[in-house]
Amino acid sequence: MSAPAAPAGATGASDTSGTSGTAGTVAGTAPSAAPLALTPIFLRIKLSLLRNGLKGSSKRKAAYFSTLAFALVVGFFMTLGLGLLHGNAHAGTVVVLLAAILALGWAFMPLFFPTGDETLDPSRLVMLPLRPRPLVRALLVSSLVGIGPLFTLCLAIGSVIAVARGAAGAVAAVVAVPLLLLGCVTLARAVATANVRLLTSRKGRDLALLSGLVIAVGAQLANFASQSLFQAGGLSKLEPVEAVLQWLPPATAVGMVDSVSEGAYGRAAAQLVLTVAAVAGLLWSWERSLTKLMVTPDGSTISASGPVKDRSGAGGGFWSLMPGGRTGASMQRSLRYVVRDPKTKSAWVTALAIGLIVPVFNALQGTGSVYLGSFGAGMLGVQMYNQFGQDTSAFWMVAQTISSTRDAYVELRARAAALALVTLPYTVLVTAVTAALVDDWQAFPAAVGVALALLGSMLCTGALASARFPYSIPTDGAFKNVAPGQGGLAWGGIAGGMLVSALVCAPVIALAIWLNMAEHRDTSWVVLPIGVAWGWLAAWAGLRLAAPTVSRKLPEILLAVSKG
């Protein structure tokens with residue numbers, strides 16, 4: 001292998017300056033020296049990716065550091081809250097359950113959550129002459145750099161403080177914190193590496209939809225199950241669950257501290273052995289998966305055979321119902337993304353599933369309300385954010401057709417119309433199902449009005465966020481929904497937009513609340529036409545305000561969405 005080919009494999013054609021030279025050093029180092037130099041080199045690569053991802057945009061810097069500050073504040077208060085549990089009879093139950101949930105999140109969220117960490121994809125390194133064991137060490141150390149590990153460290157420290165008692169407990173706590181952190185990070189890496197080939201293929205990314213849906217449904221089931229347990233008798237009902245989870249790594253690390261504090265040294269020794277064995281097993285599994293990934297060709301190297309079928313279907317069936325001109329073309333393009341693009345499809349399937357699960361499950365548990373039907377509208381309304389990012393680098397073709405504010409307005413209006421085409425009937429259907437389950441048809445019109453007002457408000461703020469806070473959705477990895485350095489920008493735009501949306505539709509919500517509290521439920525139907533008009537007006541105003549920004553900042557938007 002020639003040395004010049006190594007940097008491209010190491011950085012994946014990243015735009016980081018200085019990373020190529022570092023990777024070239026890896027490729028040109030003698031095999032005997034590579035294990036000694038690999039870890040600091042990968043650590044510098046990770047820091048370079050973080051640093052260079054923030055270059056050229058003050059918004060990205062502000063978003064990233066605000067996200068970091070938010071994580072630190074939340075982590076601090078959670079650590080403080082866990083520390084206040086010290087001496088509580090149920091402290092062990094709480095922290096063991098928390099450690100298990102934390103590990104579960106680390107196992108699955110890197111695959112389906114927009115972390116923006118491109119180092120999760122080890123297939124970028126297949127062209128480099130690197131041995132698996134030193135590579136595992138280097139990737140493990142670089143994985144400890146980031147907001148996620150820092151937040152996990154805060155929770156780990158708070159958990160051991162809650163259960164550690166005495167000198168022996170303090171010593172066990174010092175051992176448990178790094179074991180819990182290493183267990184979570186290693187679990188995430190092992191799962192990601194084992195699934196990288198599956199999730200980076202087209203069929204595999206479509207299959208990941210089912211996994212994401214199962215995780216979403218499972219999370220809701222766990223949520224409602226925990227609510228039932230708390231209602232049935234508090235934390236004491238969770239002690240049987242804790243008795244099982246304290247023997248499942250890496251939650252065994254926290255369970256070990258609790259056992260030592262209680263004087264059960266034999267049980268603590270067994271939990272320590274289980275934790276260490278689990279971390280070692282995960283490292284071994286990670287190394288095996290990495291070796292297989294490095295030496296086994298993937299399906300992209302095999303030529304496809306068979307005739308190519310024309311699947312465009314342009315101009316026929318459902319698409320013939322679209323309006324003509326630019327509006328119809330843009331609507332059709334947006335809807336085809338939902339059907340064909342794995343990442344867009346994943347976001348839509350998850351939103352559709354959770355938007356129905358939450359109100360229905362609450363209704364089945366007797367705690368539901370017909371107004372929870374607006375949850376579905378909110379989940380789908382989020383899809384309006386970053387409209388240009390879903391085009392990825394192909395947005396330049398759309399940008400060529402935008403030469404005026406009018407063009408930008410028509411483009412945004414068509415995208416909003418495509419979203420509303422699905423969301424409007426879905427919202428009415430979810431609200432109707434919820435009304436039937438809670439047997440409150442009298443409030444059905446008002447609930448639909450509130451939901452549509454919320455939808456219009458999110459179309460408004462979504463258009464503004466798409467114009468002012470665009471970010472790239474990389475196409476080269478199933479785990480990455482945000483380009484490196486843009487994660488804070490993405491979540492900042494979405495969170496800020498949702499907050500403003502709640503303020504925009506607040507008058508309609510206040511009207512619905514007043515009619516219910518003032519015993520005017522028989523006239524609450526007036527919320528429906530008011531909500532429809534309010535939502536339409538908000539969406540129209542948002543599109544009008546966003547269009548000049550899109551027209552004026554088109555080069556910046558094109559650069560931002562093409563970054564990945």
Side-chain angles (χ1 to χ4, degrees), residues 10-12 14-23 25-26 35-55 60-61 63-76 79 102-103 105-107 109-111 113-122 124-125 128 130 133-157 177-193 196 250 279 282-283 286 290 474 477 479-491 564:
T11 63
S14 176
D15 61 348
T16 56
S17 62
T19 304
S20 298
T22 304
T25 304
V26 177
L36 297 176
L38 203 58
T39 298
I41 288 174
F42 268 68
L43 185 59
R44 290 199 300 270
I45 289 176
K46 181 64 177 284
L47 294 175
S48 296
L49 289 171
L50 291 175
R51 181 179 64 252
N52 294 330
L54 299 175
K55 285 183 177 179
R60 293 177 192 169
K61 292 180 182 178
Y64 177 81
F65 288 112
S66 62
T67 304
L68 176 61
F70 178 77
L72 287 174
V73 170
V74 174
F76 170 77
T79 304
L102 197 62
W106 270 95
M109 295 310 282
L111 302 180
F113 200 76
T115 60
D117 186 0
E118 65 180 8
T119 64
L120 279 174
D121 186 0
R124 292 175 174 270
L125 308 173
L128 294 176
L130 304 176
R133 186 159 298 177
L135 183 58
V136 165
R137 289 198 298 265
L139 288 173
L140 180 60
V141 172
S142 64
S143 299
L144 296 174
V145 177
I147 297 177
L150 179 61
F151 183 74
T152 302
L153 180 62
C154 293
L155 296 186
I157 293 174
V177 170
L179 283 178
L180 178 59
L181 180 60
L182 286 175
C184 291
V185 175
T186 307
L187 179 61
R189 282 291 184 175
V191 172
T193 304
V196 65
V279 173
L282 287 171
L283 289 171
W286 182 11
L290 200 58
F479 331 119
K480 301 187 300 179
N481 292 323
V482 184
Q486 293 185 338
L489 179 68
W491 283 110

Can you tell me how far the [atom1] atom of [X] sits from the [atom2] atom of [Y], to the nearest 0.5 Å?
X: T39; Y: L139; atom1: OG1; atom2: CG; value: 9.0 Å
X: L180; Y: I157; atom1: CG; atom2: CD1; value: 10.5 Å
X: I41; Y: S48; atom1: CD1; atom2: OG; value: 11.5 Å
X: C184; Y: L102; atom1: SG; atom2: CG; value: 4.5 Å

Quick one, L153 with L144, criterion side-chain contact (heavy atoms from CB on, under 4.5 Å). Give me CA distance, side-chain angles, the key distance, then yes/no. CA-CA 10 Å; L153 180 62; L144 296 174; over 6 Å; no
Please assess F151 against V74 for the test side-chain contact (heavy atoms from CB on, under 4.5 Å), listing each intermediate value before the final yes or no. CA-CA 8 Å; F151 183 74; V74 174; 3.8 Å; yes
Sorted by chain and residue number, the side chain to side chain donor-acceptor pair (under 3.5 Å) partners of T186 (sequence neighbours excluded) come out as none
Considering non-hydrogen atoms only, spot the tightest contact between [X] and [Y] and give its length.
X: P250; Y: G183; answer: CB-CA, 4.3 Å
X: A190; Y: L282; answer: CB-O, 4.0 Å
X: V145; Y: K46; answer: O-NZ, 3.1 Å

Contacts of F65 meeting side chain to side chain contact (heavy atoms under 4.5 Å, CB included) (sequence neighbours excluded), chain-then-number -> L54, K61, L68
Sorted by chain and number, sequence neighbours left out, side chain to side chain contact (heavy atoms under 4.5 Å, CB included) with A71 holds for I147
Determine, step by step, whether L187 and V191 satisfy the side-chain contact (heavy atoms from CB on, under 4.5 Å) criterion, reporting the C-alpha distance in whole Å, the side-chain angles of both residues, the deciding distance to 0.1 Å, and the verdict. CA-CA 6 Å; L187 179 61; V191 172; 4.2 Å; yes
>> With a 3.5 Å distance limit and no angle check, can you tell me whether T79 reaches the backbone of C154 through a side-chain donor-acceptor pair?
In response: yes
So the side chain to side chain donor-acceptor pair (under 3.5 Å) pairs with at least one residue in residues 148-157 (sequence neighbours excluded) are W106-T152
For this session: Would you indicate whether F70, at its atom CZ, is surrounded by more than 12 heavy atoms from other residues, nucleotides or ligands within a distance under 6.0 Å?
Result: no
